[in-house]
Amino acid sequence: MKIKLSIKKKIILFIGVVILVGLILPQRFVIPVDNATQKDYNPKTFWYYPWGKSITHKGVDIFAKEGTSVVSSTSGFVIYAGQIGLGGNVIIILGPKWRFHYYAHLKDIKTKSFSWKKQGVCIGSVGTSGNAKGKEPHLHYSIVTPIPYFWRIDFDHQGWKKMFYLNPLDYMKK
Ligand SMILES: [Zn+2]
């Protein structure tokens, strides 16, 4: 009984350490489209309303020529690389601080699910897949935290969701 408890404690301690390390990891950041600058996105794009089925726009759209390389904004683990309805070809990467980085409307995907990606490496290319069909080619990029940041909630449309969707523009300023 005693041994069992100590193993349980060790497991809890281990999980605690893993979570803590994830939180402490610095989030170094690059704009996730090759050679993109502040001119390639609208600074008012985050939480733009109205935004069709999504109600509000929970990310940033970075415009570029179709086929331009999309690079990983932070280092991380590829949770998913494949197709999702509205997003089209998408990649989801779990990065530092337990944040999910979502890349959508890709022309093609150059990574696999369950692989590790260093910051700045090519993971796909800019396209018009999903509900970007017929629009200007762009990368839809958003950052989601599964750990809710309650203090960010406000009275905007769907403002309560701001505890999960972080503003990528905060990290793209240079
Ligand atoms: Zn978008």
Side-chain angles (χ1 to χ4, degrees), residues 27 29-111 113 117 119-149 152-174:
Q27 180 185 258
F29 199 90
V30 292
I31 297 180
V33 173
D34 213 20
N35 292 318
T37 67
Q38 290 185 6
K39 284 180 218 147
D40 301 311
Y41 57 86
N42 182 338
K44 290 183 184 130
T45 193
F46 184 70
W47 230 262
Y48 195 88
Y49 170 89
W51 200 268
K53 277 185 195 157
S54 315
I55 315 295
T56 52
H57 188 237
K58 299 173 187 70
V60 60
D61 291 337
I62 305 165
F63 293 84
K65 240 175 70 185
E66 183 158 18
T68 305
S69 289
V70 169
V71 301
S72 180
S73 58
T74 70
S75 296
F77 189 70
V78 181
I79 299 290
Y80 182 75
Q83 294 195 315
I84 291 179
L86 296 176
N89 295 324
V90 308
I91 297 170
I92 301 169
I93 295 182
L94 178 61
K97 305 188 194 301
W98 300 103
R99 291 170 180 172
F100 293 101
H101 298 259
Y102 176 70
Y103 305 82
H105 310 319
L106 303 172
K107 183 181 184 201
D108 49 17
I109 293 173
K110 289 172 186 157
T111 184
S113 301
K117 284 290 155 196
Q119 180 194 42
V121 300
C122 179
I123 52 174
S125 67
V126 174
T128 56
S129 60
N131 67 343
K133 203 175 174 187
K135 295 180 187 161
E136 287 274 297
H138 67 274
L139 171 71
H140 173 91
Y141 174 65
S142 49
I143 306 174
V144 179
T145 170
I147 303 164
Y149 295 176
R152 299 203 176 184
I153 292 173
D154 63 20
F155 293 105
D156 260 3
H157 292 276
Q158 294 189 323
W160 66 275
K161 287 192 177 177
K162 285 184 181 172
M163 66 181 167
F164 297 119
Y165 289 90
L166 308 182
N167 188 351
L169 301 178
D170 291 344
Y171 309 102
M172 283 161 54
K173 281 179 215 150
K174 278 201 176 153

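Order of listing sets the numbers, starting from 1, for every ligand and every atom in it.
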Asker: Number of protein N/O/S atoms less than 2.8 Å from the Zn ion (ligand 1)?
Answerer: 3
Asker: Report the residue from D34, T68, I62 that forms a side-chain contact (heavy atoms from CB on, under 4.5 Å) with V126.
Answerer: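 Exactly one candidate clears the test, T68.
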Asker: Among pairs that include at least one residue of residues 78-96, which meet side-chain hydrogen bond (donor to acceptor under 3.5 Å, both in side chains), considering only residues two or more places apart or in two chains?
Answerer: Q83-N89
Asker: Would Q27 and T74 count as having a side-chain donor-acceptor pair, cut-off 3.5 Å?
Answerer: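 Judged by distance alone, the side chains do not pair up.
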Asker: Between OG of S73 and CD1 of I31, what distance do you get to the nearest 0.5 Å?
Answerer: 10.5 Å
Asker: Angle between ring planes, Y141 versus H101, binned at 30° and 60°: parallel, tilted or perpendicular?
Answerer: parallel
Asker: For residues K162 and D156, report the shortest heavy-atom separation together with the two atoms involved.
Answerer: NZ-OD2, 2.8 Å
